[in-house]
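As the structure lists them, so they are numbered: ligands from 1, and atoms in each ligand from 1. Every value quoted in this text rests on a predicted model; they were computed, and no experiment measured them.
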Amino acid sequence: MVEHFAVRGGARLVGSVDVVGAKNSVLKLMAAALLAEGTTTITNCPEILDVPLMADVLRSLGCTVAVDHDAVTIDVPAAPGAQADYRSVSKLRASVCVLGPLVARCRRAVVPLPGGDAIGSRPLDMHQAGLRKLGATTEIEHGCVVAEADDLYGAQIWLDFPSVGATENILMAAVLADGTTVIDNAAREPEIVDLCTMLQQMGAKIDGVGSSTLTVHGVSSLEPTAHRVIGDRIVGATWAFAAAMTRGTVTVRGVDPHHLDLVLDKLRTAGAAVTVGLEEFTVAMNGRPRAVDFVTLPYPGFATDLQPMAIALAAVADGTSMITENVFEARFRFVDEMMRLGADARTDGHHAVVRGVEWLSSAPVWASDIRAGAGLVLAGLCADGETEVWDVTHIDRGYPRFVENLRALGADIERVTVDPAR
Ligand code: UD1
């Protein structure tokens, strides 16, 4: 059976939507559980495919993992296995984040390279260079990253670029290293802060949390903990863009609006009225959005994961927008699909120029990754007729209850299952 989403454009989205924990946090928190023997519980987990996939990765390392709705319980043995199973890892890019914890706990890690990705090349050179600075050897052997260390020692590490994954892997190795590690030019995404918070609860000593310099004073062991995942700012922002594009009014609950300061400011510039509360915000758009420029950058810059939503907004905005992609070079590939929906867009290297049209035109389109899929659905909400968005497994990997949430806001969308044999 294959599935697609059938979207009929024209509805204004109105109402409120609850957002659960961040995909880009929970997977790293699950890996961090490896750092302590015993039972760690993580709550507010999103019910998305990647969570059971990560559970399989941890099981392949000898952990007992239970996934029960929004709670994941991970029982870590005294000596976890050092070799992650290829079949589990290959399905999930984020599984490389077991590398740091395994080197720290087992002094040896064998993690298959997860392979290519539709959003561009995702090398691990900075992850490896950081682990080497801590005293590990790392090689690529038979398709796996193999890292080994007799002992790990604190070190000064300067990252070439504030990579989210490299910061996480180095951090999770450094917490059990002997001495003090300083990670300079570290990523400071809210999901990194969430990981630091959980590590601190486990007994790690980390200074500078939320800044681009993380100072880690290694400790000899950590304790298991219970932790609640922060709300998913990318999902929350997706609903905010949907409200702005459909000229609707949507309240998003369960996300810290400060994680979206820049995004909400952009939507204000586009003409939306935005009000913020403690863990919620409301976006109301009266009339057609105005064109706005977007530049993707590491946090607190505009998230590359929201670039497809920015293109979708620009496609229906009044005027011409320039969108610049600085993080993942291949992410503009999905713009061709937007053009199938009638978007007037042109890309040149890192830049896309989009001249807004009043209405897009429905078509069958292909979701090449999670965020591209969500952007195409938003575009479909502003297209005449029925847009079919195919390969929805991508969207299911990042957005829990995607169709149900949109329908509750008044969107005309359904999941359609087709038997390819017919
Ligand atoms: C994470 C997020 C992803 C988000 C991205 C950037 C998860 C599961 N995924 O991915 O959704 O789009 O952050 O916010 O959390 N790079 C290197 N060498 C390295 C590591 C990275 O050159 O060793 C480059 C990458 O090719 C890319 C850039 O650095 O151009 C950013 O990558 P990174 O921040 O590491 O992204 P991920 O952690 O893979």
Side-chain angles (χ1 to χ4, degrees), residues 21-32 45-46 48-51 53-54 57 89 91-100 111 113-133 138 140 145 147 157-173 183 185-195 212 229-230 232-235 237-238 259-260 262-263 295-310 324-332 334 350 368-375 394-395 397-399:
K23 165 187 167 298
N24 286 353
S25 224
V26 68
L27 305 173
K28 323 308 172 60
L29 303 177
M30 289 173 73
C45 300
I48 51 172
L49 200 55
D50 279 11
V51 170
L53 288 177
M54 190 65 183
V57 173
V89 168
K91 295 181 193 142
L92 184 64
R93 165 88 210 170
S95 55
V96 294
C97 62
V98 299
L99 188 61
V111 181
L113 290 166
D117 202 293
I119 63 175
S121 160
R122 295 172 93 175
L124 297 177
D125 53 320
M126 283 188 262
H127 302 233
Q128 291 181 274
L131 294 179
R132 279 193 206 110
K133 280 264 170 91
T138 82
I140 306 292
V145 189
I157 295 167
W158 293 272
L159 293 180
D160 290 343
F161 182 90
S163 153
V164 172
T167 302
E168 290 162 340
N169 258 328
I170 296 165
L171 177 64
M172 288 192 275
I183 311 172
N185 200 22
R188 47 195 173 125
E189 270 66 5
E191 294 76 23
I192 303 258
V193 174
D194 201 24
L195 174 61
S212 57
V229 188
I230 56 162
D232 196 317
R233 66 194 164 102
I234 305 297
V235 172
T238 301
H259 295 167
L260 292 170
L262 191 152
V263 173
V295 179
T296 71
L297 279 173
Y299 190 84
F302 185 79
T304 174
D305 284 355
L306 291 172
Q307 183 249 96
M309 311 341 143
T324 305
E325 173 57 61
N326 289 314
V327 183
F328 286 112
E329 74 282 0
R331 236 180 176 149
F332 278 146
F334 102 106
H350 288 263
S368 51
D369 72 86
I370 303 172
R371 312 303 172 188
H394 285 303
I395 302 176
R397 283 187 44 218
Y399 290 86

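- Side-chain contact check for K23 versus D50: some heavy-atom pair is nearer than 4.5 Å.
- With a 4.5 Å cut-off on side-chain heavy atoms, L297 and V327 do not count as touching.
- D369 is listed as a side-chain neighbour of R331, based on a closest heavy-atom distance under 4.5 Å.
- Annotation: P123 places an N or O atom under 3.5 Å from an N or O atom of ligand 1; distance criterion only.
- Shortest non-hydrogen contact noted between L262 and P300 is CD1-O, 3.5 Å.
- In summary, the atoms of ligand 1 found under 4.0 Å from a heavy atom of A94, numbered by their order in the structure, are 8 (C).
- In terms of heavy atoms, L195 sits closest to L171 at CD2-CD2, 4.0 Å.
- Here the closest non-hydrogen pair linking C97 and N169 is O-OD1, 3.4 Å.
- Distance from atom 8 (C) of ligand 1 to its nearest protein heavy atom, with residue and atom name: N24 OD1, 3.3 Å.
- Put simply, no part of E191 is less than 4.0 Å from ligand 1, judged by heavy atoms.
- At a threshold of 4.5 Å between non-hydrogen side-chain atoms, the residues T138 and L99 do not count as touching.
- Scanning the protein heavy atoms around atom 29 (O) of ligand 1, the nearest turns out to be F161 CD2, 3.7 Å.
- Under 4.0 angstrom from ligand 1, the non-hydrogen atoms of V327 come from both its backbone and its side chain.
- Which parts of ligand 1 touch D305 is read off a 4.0 Å heavy-atom cut-off, strictly below it: atoms 3 (C), 4 (C), 11 (O), 12 (O).
- Judged as a ring pair (Phe, Tyr, Trp, His ring centres under 6.0 Å), and not counting sequence neighbours, F332 has no contacts.
- At a 3.5 angstrom cut-off on N or O pairs, T304 does not count as close to ligand 1.
- Atom 35 (O) of ligand 1 has S163 OG, 2.6 Å as its closest protein atom, hydrogens excluded (heavy atom only).
- For a threshold of 3.5 Å applied to N or O pairs, the pair formed by D125 and ligand 1 contains at least one separation below that value.
- Closest to atom 38 (O) of ligand 1, if we only count protein heavy atoms, is G165 N, 2.8 Å.
- Within the 4.5 Å cutoff, the side chain of I230 has heavy atoms near those of the H259 side chain.
- Residues V164 and K28 have side chains in contact (heavy-atom distance under 4.5 Å, counting atoms from C-beta outward).
- Not one N or O of A166 is nearer than 3.5 Å to an N or O of ligand 1, by distance alone.
- Short contacts between ligand 1 and H127, defined as distances under 4.0 Å to a heavy atom of the residue, involve ligand atoms 20 (C), 23 (O).
- You'll find the side chain of L306 stays beyond 4.5 Å of the side chain of R371, heavy atoms only.
- Considering only residues two or more places apart in sequence or on other chains, F334 meets the ring pair (Phe, Tyr, Trp, His ring centres under 6.0 Å) condition with none of them.
- Counting protein heavy atoms only, atom 5 (C) of ligand 1 is closest to F328 CE1, 3.7 Å.
- The ligand atoms of ligand 1 that sit less than 4.0 angstrom from a heavy atom of R331 are 12 (O).
- When every heavy atom of Y299 is checked against every heavy atom of R233, the shortest pair comes out as CD1-NH1, 3.8 Å.
- In this structure, the protein non-hydrogen atom closest to atom 10 (O) of ligand 1 is R122 NH2, 3.1 Å.
- Here the protein heavy atom with the shortest distance to atom 24 (C) of ligand 1 is M126 CE, 4.4 Å.
- Taking each heavy atom of A22 and V229 in turn, the nearest pair found is N-CG1, 3.5 Å.
- Each of the atoms 23 (O) of ligand 1 lies under 4.0 Å from some heavy atom of L124.
- Not a single N or O atom of L27, backbone or side chain, sits closer than 3.5 Å to an N or O atom of ligand 1.
- Some N or O of V164 is nearer than 3.5 Å to an N or O of ligand 1, by distance alone.
- Shortest contact from atom 26 (O) of ligand 1 to any protein heavy atom: S121 O, 2.9 Å.
- Among the atoms of K28, some N or O lies under 3.5 angstrom from an N or O of ligand 1.
- A heavy-atom separation below 4.0 Å is not found between A187 and ligand 1.
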